[in-house]
Amino acid sequence: METKLFDQDHIAEAAAVLAKGGLVAFPTETVYGLGASALLPDAVAQVYQVKGRPSDNPLIVHVAAAEQVAAFVDNLSPMAKQLMDTFWPGPLTLIFKIKPDSLPSIVTGGLTTAAFRMPDHPQTLALISQAQQPLVGPSANTSGKPSPTSAAHVWHDLHGKIAGILDGGATRIGVESTVLDLSDPSGTPIILRPGAIAKEQLETVLETEVLLDKHLVSAGEVPKAPGMKYKHYAPNTKVMMVHDTDWPAAINWAQANHFKVGVLAGPTIAEAVRKETAAIYQYFDDSPEAAARGLFAGLRALDESTAALDLLLAATFTEAGIGAAYMNRLKKAANHEYFQENK
Ligand code: TXA
Ligand code: MG
């Protein structure tokens with residue numbers, strides 16, 4: 001199959017492909033999604049197939065307006081309405097109990113709940129509106145690989161397998177949306193996946209406590225979001241995390257072992273280690289926002305570096321705000337391994 005690149009002047013054409021059951025990847029403010037009509041089970045089956053995604057891992061239903069959710073959910077709670085008012089369009093996915101049989105079971109992985117999100121990207125909001133149906137949109141990468149933050153990343157993983165890619169440039173946030181479970185209307189909301197909307201922001205708006213899914217805090221727990229249990233975000237090259245103060249020791253250790261090292265870090269660390277490393281992917285500045293925006297692109301770039309690297313060393317951040325989302329993805333990519341002195 002030839003994969004077409006659509007630009008913003010060809011959104012109607014891309015929407016027509018989706019309405020007929022084709023697959024078109026789309027930009028969002030977080031990462032690129034692999035779009036298909038959420039109402040066409042055969043199209044959704046294709047999404048699992050081209051990604052190589054386990055079928056028990058449910059998809060997010062992307063809508064162009066909060067009102068679209070009413071077709072699938074009875075009696076949205078005041079909490080849900082407040083969050084949608086405050087954060088939609090934006091990087092917050094909400095999980096609700098759905099009306100029986102209102103969505104194909106292939107979308108929900110057979111669960112009685114489903115995930116909904118209104119992405120903050122004008123081209124994709126237009127795409128969903130013109131397709132006249134909600135779209136599923138898992139990250140548009142091969143399952144297990146870093147999520148795509150540009151049309152080129154999508155092309156790399158999926159060209160020849162999908163009908164098209166709507167190119168909306170590089171994504172602004174760079175890590176996937178916060179997933180918040182509101183499926184127990186009388187219970188406490190639970191964050192299943194950290195993202196750009198932080199726990200503290202949710203608590204401020206809701207004026208109530210928000211929990212973090214247990215497995216996000218302690219190892220060995222079975223996660224509530226099925227997708228969180230899989231190995232994820234991993235390039236082929238081994239990744240290790242480095243605490244700020246450990247960089248000189250980490251570089252010495254790598255040199256002593258004759259490892260060809262690639263580094264992902266902000267300008268301050270990058271400058272300090274530049275001479276001793278084979279390749280660097282430098283975040284735009286030293287902030288956790290810049291790190292989140294650059295993480296997946298950096299993992300991909302260094303993984304494919306012509307320097308054929310043995311090891312990627314990545315900067316760490318305090319686990320607050322967007323730093324928590326960055327560290328959640330980086331830990332998975334690094335298989336939770338930190339550089340430790342006297343290794
Ligand atoms: O930012 C994002 O959310 C991106 C963009 C494209 O919108 N999409 C994305 O989709 O990251 P995906 O499929 O890669 O991740 C969806 C996550 C998975 O971990 C999945 O298990 C979880 O949401 N999920 C979906 N439906 C669920 C449900 N009913 N209950 C619990 N977890 C659910
Ligand atoms: Mg994904």
Side-chain angles (χ1 to χ4, degrees), residues 24-36 38 44 47-48 51-64 72-73 87-98 102-103 105-121 124-125 127-128 134-151 153-154 157-158 165-166 168 171-184 189-197 213 215-216 222-234 292 296 322 325 328-329 332-333:
V24 177
F26 56 73
T28 79
E29 77 281 31
T30 59
V31 301
Y32 274 71
L34 179 53
V44 179
V47 167
Y48 283 93
K51 274 182 63 73
R53 180 177 174 112
S55 61
D56 67 346
N57 189 4
L59 304 174
I60 299 172
V61 176
H62 292 68
V63 296
F72 310 102
V73 182
F87 295 110
W88 280 15
L92 178 65
T93 294
L94 299 173
I95 296 184
F96 301 121
K97 196 163 256 355
I98 54 165
S102 58
L103 281 166
S105 65
I106 191 164
V107 172
T108 61
L111 300 174
T112 55
T113 57
F116 297 89
R117 143 164 157 81
M118 180 178 173
D120 187 14
H121 198 292
T124 292
L125 291 173
L127 182 73
I128 301 168
L135 304 179
V136 296
S139 49
N141 50 288
T142 302
S143 207
K145 292 292 147 203
S147 294
T149 57
S150 71
H153 295 158
V154 181
D157 282 16
L158 300 178
I165 304 171
L166 176 58
T171 62
R172 175 166 61 82
I173 293 172
V175 292
E176 304 85 343
S177 61
T178 304
V179 176
L180 185 69
D181 188 352
L182 289 178
S183 61
D184 176 1
I190 306 171
I191 293 176
L192 306 187
R193 179 176 73 182
I197 307 290
D213 182 15
H215 93 280
L216 293 170
V222 177
K224 279 195 76 184
M228 299 294 281
K229 71 174 178 272
Y230 300 106
K231 185 171 155 71
H232 241 85
Y233 314 115
F296 293 147
I322 188 80
N328 172 266
R329 309 314 192 270
K332 289 181 180 226

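Remember, it's 1-based here, ligands and their atoms both numbered in the order they're listed.
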Would you mind running through ligand 1 and noting each atom that sits below 4.0 Å from a heavy atom of T113?
28 (C), 29 (N), 30 (N)

Between the side chain of N141 and the main-chain N/O of P148, is any donor-acceptor distance below 3.5 Å?
no

At a 4.0 Å threshold, what atoms of ligand 1 neighbour a non-hydrogen atom of S177?
1 (O), 2 (C), 3 (O)

N/O of T28 under 3.5 Å from N/O of ligand 1, yes or no?
no

Region of R53 that comes within reach of ligand 1 [heavy atoms, distance under 4.0 Å]
side chain

Atom 8 (N) of ligand 1: which of S147, G33, A140, G137 has the nearest heavy atom?
G137

E176-ligand 1 polar pair, N/O distance under 3.5 Å
no

A115 heavy atoms, cut-off 4.0 Å: which ligand 1 atoms fall inside?
25 (C), 26 (N)

Residues H153, F296; criterion ring pair (Phe, Tyr, Trp, His ring centres under 6.0 Å); working and verdict
CA-CA 10 Å; H153 295 158; F296 293 147; 9.1 Å; no

Test item: R53 and V47 side chains (from C-beta on) under 4.5 Å apart, heavy atoms:
no

Could you tell me whether any N, O or S atom belonging to S139 is less than 2.8 Å from the Mg ion (ligand 2)?
yes

Could you tell me if the side chain of I173 sits less than 4.5 Å from the side chain of V175, heavy atoms only?
yes

Between the side chain of Y32 and the main-chain N/O of G168, is any donor-acceptor distance below 3.5 Å?
yes

Does P91 have a heavy atom less than 4.0 Å from any atom of ligand 1?
no

Would the distance check show the side chain of S177 and the main-chain N or O of P91 forming a donor-acceptor pair, the cut-off being under 3.5 Å?
no

For A114, take its heavy atoms, then give the atoms of ligand 1 lying under 4.0 Å from any of them.
29 (N)

Heavy-atom distance to atom 28 (C) of ligand 1: which of I95, I98, T171, D181 wins?
I95

Per-atom filter on ligand 1: closer than 4.0 angstrom to a heavy atom of I60 are 3 (O), 8 (N), 9 (C), 10 (O), 16 (C)

Check: V73 main-chain N/O paired with K97 side-chain donor or acceptor under 3.5 Å:
no

State, without any angle test, whether S147 and R329 hold a side-chain donor-acceptor pair at a distance under 3.5 Å.
no

Is the backbone N or O of L158 less than 3.5 Å from a side-chain atom of K51, with the two atoms forming a donor-acceptor pair by type?
no

Rounded to the nearest 0.5 Å, how far does CG of D120 lie from CZ of R172?
5.5 Å

Return yes when P119 approaches ligand 1 closer than 4.0 angstrom through a heavy atom, no otherwise.
no

Using a strict cut-off of 4.0 Å, indicate which atoms of ligand 1 neighbour a heavy atom of N57.
18 (C), 20 (C), 21 (O)

Should you measure from each heavy atom of L111, which atoms of ligand 1 turn up under 4.0 Å away?
28 (C), 29 (N), 30 (N)

Taking only non-hydrogen atoms of T108, do any sit less than 4.0 angstrom from ligand 1?
no

